Amino acid sequence: MKSAVETLNPTRVRLTVEVPFEELKDSLDAAYKKINQQVTVKGFRKGKIPARVIDQRFGRGAVLEEAVNDALPKFYTEAINEAELNPLGQPEVDITELKDGETLNFTAEVDIRPTIEIPDYSGIEVTVDAVEVSDEDVEKSVEQLRERFASTSPVERAAEDGDVVTIDLQAKVDGEVLEDGVAEGVSYTIGSGELLEGIDEAVKGLEAGGEATFTSELKGGSAEGKEAEVTVKVTQVAARELPALDDDFAQLASEFDTLDELKADSRKRLENMKQYDQATQAQERVLDELLKLAEVPIPEKLLADEIQTRKHNLEHHQLGQMGIDLAKYLEIQGKTEEEFTAETEEQAVKGIKTQFILDELVNKEKLNVNQEELTEHLMRRAQSSGMSPDQFAQAVVEGGQVPMLVGEVARGKALAVVVEAAKVTDTNGEVVDLEDEAEDETAETTEAEAEEKTEA
């Protein structure tokens, strides 16, 4: 077999392959055997029909077609390996010549992983938010905890902001009560914004037994998006009572004995959260700077497929779970379809560039992934997916996605190498030491940039 490579552009090649006919022998034998099992000829047992009879009855062309279809993947793979190419996706194959007993010639066009020069990233400098926890932050955290332990008690007065009201609802569209537009005994906290627009104004000032009517756009159900006339009746008004902020509350809401200990723990937790956010911010900004330094050509078909995958995942997974379609999503976001498409393309380009350059770094730095690192990453992915580690691991194995997870971890390690070499300072001018954060966040950063397609 002879093959030659023509570079069409930095991300696409055309292979020209010439195969001597004798190299088709195994595939021809397999073709005759397959046809033998599929056809019946009077006077011959099934599977024992001579080749000459098959040629006469069904045509030599049918045998050649079967043989070529069987042999092409093998010859294509040999040509790819001989040229040391890294193909992306399936090739477009064209048989240019097939002479029985003489030769098989074909061409194959395919996208390839481009050759990338890793830039000098030692001079990357980024600035991140400083880790600062104010007394107000601590007070807000403790107040949120206090809200969780609030109690309610019925009151005989008009409803006010923050009260919990028990209400009955009835929604009409075009004067007709909707089948799914009636609800009774609904508990609602005034000011929470959890129900319909306009309901706060309707119920405030009402006592138990009072009712009001207002117009609002329905957020779900059979008439989602339509204007409805909603009647709300208050059956109970209850005041929320917050526990006193003292040592008793600390003992009720935590493992601490005093309020001061609870506040100190809240401060520590907030600091840890902000340190995590700071590390993630640093990795994202270092990655952005790295991508600016590198020239990374993007295969057109790969980009088109990635854009389509991202749109599919958004429409059929994320938005599907939210119960809205793309048009409604764009309306909520205040974007046109053109703006959405442009943003999706920009994200897809960044994801592909990220994967290409970090994969090249993995090879250059000879980074390996051990079993412990893979297991830790699998545990994190399982947690974020809502599945148990065993369930997630089984799904990964059955879906053939173990190499994908290995790639995510390896790219995380590659990004960690770049982050370690970068100069990271906070907004106060202090140098940030990210050594303790290691690769946990980098794996998640690269995963977010380059792996959204796997949700499908």
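Fair warning: this is a prediction, and the values are worked out from it, not measured in the lab.
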Within the supplied structure, the quantity of interest is the number of heavy atoms (other residues, nucleotides, ligands) at a distance under 6.0 Å from Glu295 CD; does it exceed 12?
no

Whether Glu365 and Lys413 form a salt bridge (side-chain N of Lys/Arg under 4.0 Å from carboxylate O of Asp/Glu) is what I want to check.
no

Exercise: identify the closest heavy-atom pair between Leu361 and Ala414:
CB-CB, 3.9 Å

Please check if the side chain of Asn428 supplies one atom and the backbone of Glu430 the other of a donor-acceptor pair under 3.5 Å.
no

Kindly state each residue pair satisfying side chain to side chain donor-acceptor pair (under 3.5 Å) with at least one member in residues 175-184, sequence neighbours excluded.
Asp180-Ser222

Worked verdict on Tyr121 versus Val286 for side chain to side chain contact (heavy atoms under 4.5 Å, CB included)
CA-CA 9 Å; Tyr121 51 79; Val286 168; over 6 Å; no

Criterion side chain to side chain contact (heavy atoms under 4.5 Å, CB included) on Glu271 and Glu132, from CA distance to verdict:
CA-CA 7 Å; Glu271 287 175 351; Glu132 296 175 339; over 6 Å; no

Is there a side-chain contact between Glu306 and Glu345 (heavy atoms, below 4.5 Å)?
no

Does the side chain to side chain contact (heavy atoms under 4.5 Å, CB included) test come out yes or no for Glu227 and Leu218, once each step is laid out?
CA-CA 6 Å; Glu227 288 288 324; Leu218 297 179; over 6 Å; no

Separation of Ile80 CD1 from Ile112 CD1 (nearest 0.5 Å):
8.0 Å

Looking at Asp174, I want to see if its CG is surrounded by more than 12 non-hydrogen atoms of other residues, nucleotides or ligands under 6.0 Å.
no

Using distance alone, with no hydrogens and no angle criterion, decide if Asp137 and Ser134 have a side-chain donor and acceptor under 3.5 Å apart.
yes

Between Asn9 and Thr11: side-chain donor-acceptor atoms closer than 3.5 Å:
yes

Listed once per pair and sorted, the side chain to side chain donor-acceptor pair (under 3.5 Å) pairs that draw on residues 106-120, sequence neighbours left out:
Arg12-Glu109, Arg12-Asp111, Arg14-Glu109, Arg113-Asp359, Asp120-Ser122

Steps toward side chain to side chain contact (heavy atoms under 4.5 Å, CB included) verdict (Asp129, Gln281)
CA-CA 8 Å; Asp129 295 336; Gln281 189 180 70; 3.1 Å; yes

Taking all atoms of both residues into account, what is the closest heavy-atom pair of Val133 and Lys274, and its distance?
CG2-CD, 4.3 Å

Minimum-distance pair of heavy atoms, taken over all atoms of Val19 and Glu23:
CG1-CB, 3.9 Å

Got a second to check how far Asp277's CG is from Glu284's CD, nearest 0.5 Å?
9.5 Å

Salt bridge Glu143-Arg146, side-chain N to carboxylate O under 4.0 Å
yes

Can you tell me how far the CD atom of Glu408 sits from the CZ atom of Arg381, to the nearest 0.5 Å?
4.5 Å

Decide if atom CE of Met1 counts as having more than 12 heavy atoms of other residues, nucleotides or ligands within a radius under 6.0 Å.
yes

Under 6.0 Å from the CD atom of Glu197, do we count more than 12 heavy atoms belonging to anything else shown?
no

Nearest heavy-atom neighbours spanning Tyr76 and Phe106:
N-CZ, 4.1 Å

Is it the case that atom NZ in Lys226 sees more than 12 heavy atoms from other parts of the structure closer than 6.0 Å?
no

Quick one: does Lys2's side chain get under 4.5 Å of Val17's, heavy atoms only?
no

Shortest non-hydrogen contact from Glu339 toward Gly334
OE1-O, 4.2 Å

Would you say Val128 and Thr427 make side-chain contact, with heavy atoms under 4.5 Å?
no

Contact check, side chains of Ile332 and Lys328, non-hydrogen atoms, under 4.5 Å
yes

Decide, yes or no, whether a salt bridge links Lys301 with Asp305 under the criterion of side-chain N to carboxylate O below 4.0 Å.
yes

Which pairs with one or both residues in residues 60-76 pass salt bridge (Lys or Arg N to Asp or Glu O under 4.0 Å), sequence neighbours excluded?
Lys34-Glu66, Arg60-Asp100

Any side-chain heavy atom of Val131 sitting closer than 4.5 Å to one from Val432?
no

Would you say the side-chain atoms of Asp200 and Tyr188 include a donor-acceptor pair closer than 3.5 Å?
yes

Is there a salt bridge (charged side-chain N to carboxylate O under 4.0 Å, His left out) between Lys263 and Glu139? Walk through the geometry before answering.
CA-CA 8 Å; Lys263 288 184 176 181; Glu139 295 298 330; 3.3 Å; yes

Do Leu195 and Ile167 have side-chain heavy atoms sitting under 4.5 Å apart?
yes

Are Arg267 and Asp135 close enough for a salt bridge, meaning some N to O gap below 4.0 Å?
yes

Specify the closest pair of heavy atoms between Ala382 and Pro389, including all atoms of both residues, with the distance to one decimal.
CB-CA, 3.8 Å

Nearest-0.5 Å distance, CG of residue Leu314 to CG of residue Leu319
4.0 Å

Test item: Ser141 and Leu270 side chains (from C-beta on) under 4.5 Å apart, heavy atoms:
yes

I need the Lys353 NZ to Phe356 CZ distance, nearest 0.5 Å.
11.5 Å

Thr425 side-chain N/O to Thr127 backbone N/O, donor-acceptor pair under 3.5 Å
no

Within residues 418-429 or reaching into it, pairs that qualify as salt bridge (Lys or Arg N to Asp or Glu O under 4.0 Å) - sequence neighbours excluded:
none

Heavy-atom side-chain proximity of Val296 to Leu291 below 4.5 angstrom
no

Could you tell me whether the side chain of Glu398 and the main chain of Ala395 form a donor-acceptor pair under 3.5 Å?
no

Are the charged groups of Glu289 and Lys292 less than 4.0 angstrom apart, N to O?
yes

If only side-chain N and O atoms count, and only distance matters, is there a donor-acceptor pair under 3.5 Å linking Glu343 with Gln347?
no

Please tabulate, one pair per line, all N/O donor-acceptor pairs under 3.5 Å involving side-chain atoms of residues 82-98, not counting sequence neighbours.
from, atom 1, to, atom 2, distance (Å)
Glu82, OE2, Ser3, OG, 3.0
Thr96, OG1, Asn105, O, 3.1
Glu97, OE1, Asn105, ND2, 2.8
Glu97, OE2, Lys99, NZ, 3.3

Is the number of heavy atoms from other residues, nucleotides or ligands under 6.0 Å of Lys311 NZ greater than 12?
yes

Would you call Glu346 and Lys350 a salt bridge, taking side-chain N to carboxylate O under 4.0 Å as the test?
no

Does Glu6 CD have over 12 foreign heavy atoms under 6.0 Å away?
yes

Partners of Lys366 by salt bridge (Lys or Arg N to Asp or Glu O under 4.0 Å), sequence neighbours excluded?
none

Inter-residue atom distance Lys364.NZ - Glu360.CD, 0.5 Å rounding
9.0 Å

